[in-house]
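Worksheet: the structure to be examined is printed underneath.
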Amino acid sequence: MIDREVAESLAAAASDVLETMFFCSVLGEVPVGAALPEAVAARLPFNGARSGAFGVRLTEGAAQVIAAGFLAEEANEPTREQVAEVVCELANMMCGSVLSRLDRGAHFDLGSPALVEPAALSAPGTVCRAFDIGDGEVAVFLRMDDPA
Amino acid sequence: MAYRVMIVDDSPSMRAFVRRVIDLSGFQMDTCLNAGNGIQGLALLQQQTVDIILTDINMPEMNGEEFLRQLEAHEQYRSIPVVVISTDATENRMHRMLHLGAKGYIAKPFSPEALRGELERVLGVTT
C-alpha cells in the first residue's frame, strides 16, 4: 500500500468525519508542525488484516470547538473530561473510516482510544496530515506495521 | 406513531449525540432510554418496553455482540429490532452483526437523514 493512497484516505476520512459528526468544516490542508504543549492527542491500536495505530492531535482551540460541536454545548465551555472523551471518540471514528476506505472487505478490530502525549504520535513510518478547521488544527497520524 | 428508543453505548457523549441526531432527523421518538453496555441494556428491558434498540459494539462488561446473543436467547426480547452503530464500516463486521440478529447497521460518520432512514427501514415505517 503506497503512502499516497493512505494520505488520500486520511484526508477523505478527516473531512467526512469532521463535517458530518462534529459540524465543522475543513478549510484546507496545512503542513504538519511540531506538537504544541497544550495540544490534545489520542491514539488507538488496531489489528486484523493489518495492524498498527491511529492517532489524532488537536490544538487547544480545535479541541474545544470540536467538543462543543459534538456536545452541542453552546452556552457552557466543555470540561476537560468532556474534551478528552470527544477527542477519543474522534480518533475512534476517523480510524474506522480510514481503515474501511483502505480495505472495505477486510476485518479489523479497533482498540480503545486513550489520551497520549502529542509527541508520541510522530513515530518513524507514520503517515500524517494536518487540516485547518478555522479555530485551530487537526492532525491525523497512521502507522501500519509491516505484515508478518 | 412515536417510538420508544434505547441507546446502548459506553460513551455518554456519544449517547447524547445520537439522541440529538435522532431529534434533528425528525424521527418520531417518544422516549429515549440510555444504557452504558449490554448488561445495563438487559436490566432496563426488564423494567421498560422499547420499540427499537441502537447499540455500539465495543463496550466494557458486555459488548454489542454478546448483547445481540442475549437478546436472541430471550424470547421476550427477540422481536425488538436492533440497529448497530459502529465506527467499523467493513463488510465483514456488518455481516457478522447482521448474522447475530441485528436488523440494521449504520457506520459512523452518519447524517441525520441516514440514521432516520435506517430506523424507519428497520421499523417498516412507510411515508
Side-chain angles (χ1 to χ4, degrees), chain A residues 9 12-24 26 42 44-50 54 56 66-74 78-79 81-114, chain B residues 7-25 29 32 34 36-38 54-66 83-100 105-118:
Chain A
S9 295
S15 179
D16 194 15
V17 170
L18 287 169
E19 290 179 11
T20 308
M21 302 294 278
F22 295 87
F23 309 106
C24 66
V26 171
L44 68 154
F46 59 86
N47 293 290
R50 295 292 300 266
F54 180 87
V56 296
I66 280 176
F70 191 74
L71 299 166
E73 293 279 344
E74 291 170 4
T79 65
E81 290 74 20
Q82 286 175 317
V83 170
E85 188 181 350
V86 171
V87 169
C88 286
E89 192 63 53
L90 173 69
N92 198 29
M93 282 187 221
M94 282 192 180
C95 183
S97 181
V98 168
L99 294 178
S100 63
R101 284 168 198 275
L102 291 172
D103 193 348
R104 188 165 173 78
H107 172 77
F108 293 101
D109 286 314
L110 307 189
S112 296
Chain B
I7 301 170
V8 186
D9 196 305
D10 58 321
S11 163
S13 300
M14 194 65 210
R15 293 198 302 266
F17 177 81
V18 171
R19 180 178 184 155
R20 181 158 62 101
V21 171
I22 292 173
D23 286 336
L24 284 172
S25 77
M29 182 166 63
C32 184
N34 289 303
N37 56 41
L54 301 175
T55 185
D56 186 20
I57 298 175
N58 295 322
M59 297 179 287
E61 297 185 57
M62 183 186 288
N63 64 24
E65 291 194 5
E66 184 57 27
V83 173
V84 173
I85 296 181
S86 175
T87 54
D88 190 339
T90 59
E91 291 169 358
N92 274 331
R93 178 71 73 182
M94 184 173 69
H95 290 152
R96 180 174 175 81
M97 300 309 286
L98 294 175
H99 180 73
L100 286 171
Y105 192 101
I106 189 159
K108 303 171 197 172
F110 54 82
S111 66
E113 295 75 22
L115 181 57
R116 176 179 177 170
E118 188 67 350

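We name chains A, B, ... by the order of the sequence lines, and we start the count at 1 in each one.
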Q: Name the option with the most non-hydrogen atom pairs under 4.5 Å to chain B; the candidates are A/H107, A/M21, A/E19.
A: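 Option with the greatest count: A/M21.
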Q) In terms of heavy-atom pairs under 4.5 Å with chain B, which of A/S97, A/A106, A/G96 leads? A)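 Winner by heavy-atom pair count: A/A106.
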Q.
For the CG atom of B/D88 and the CG atom of A/N92, what is their distance to the nearest 0.5 Å?
A. 10.0 Å
**Q.** Gap between atom CG of B/N58 and atom CG of A/L110 - 0.5 Å precision
**A.** 6.5 Å
Q | Atom of B/S11, atom of A/E85 and distance for their closest heavy-atom approach | A |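 Between these two residues, the closest heavy atoms are OG-OE2, 2.8 Å.
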Q | Shortest non-hydrogen contact between B/S13 and A/L71, atoms and distance | A |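 Reported closest heavy-atom pair: OG-CD2, 3.4 Å.
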(Q) Heavy-atom cut-off 4.5 Å, strictly under: side chain, backbone, both or neither for A/F23 against chain B? (A)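 For A/F23, the contact with chain B is made by the side chain alone.
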Q | Contact origin within B/P112 toward chain A - heavy atom pairs under 4.5 Å | A |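 Contact with chain A involves no heavy atom of B/P112 at all.
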(Q) I'd like to know if A/D16 and B/K108 make a salt bridge, using a cut-off of under 4.0 Å between side-chain N and carboxylate O. (A)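 A salt bridge is absent here (no side-chain N lies under 4.0 Å from a carboxylate O).
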Q: Could you list the residues that satisfy salt bridge (Lys or Arg N to Asp or Glu O under 4.0 Å) with B/E61, not counting sequence neighbours?
A: none
Q. Can you tell me if A/E89 uses its side chain to pair, donor with acceptor, with the backbone of B/M14 under 3.5 Å?
A.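 No, A/E89 side chain to B/M14 backbone: no donor-acceptor pair under 3.5 Å.
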Q | B/R93 and A/D109, any side-chain heavy atoms less than 4.5 Å apart | A |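 In short, these two side chains touch, coming nearer than 4.5 Å.
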Q: Anything under 30° is parallel, anything over 60° is perpendicular, the rest tilted; go ahead and classify A/F70 against B/F17.
A: parallel
**Q.** Partners meeting ring-ring contact (aromatic ring centres under 6.0 Å, His included) with A/F108 (sequence neighbours left out)
**A.** none
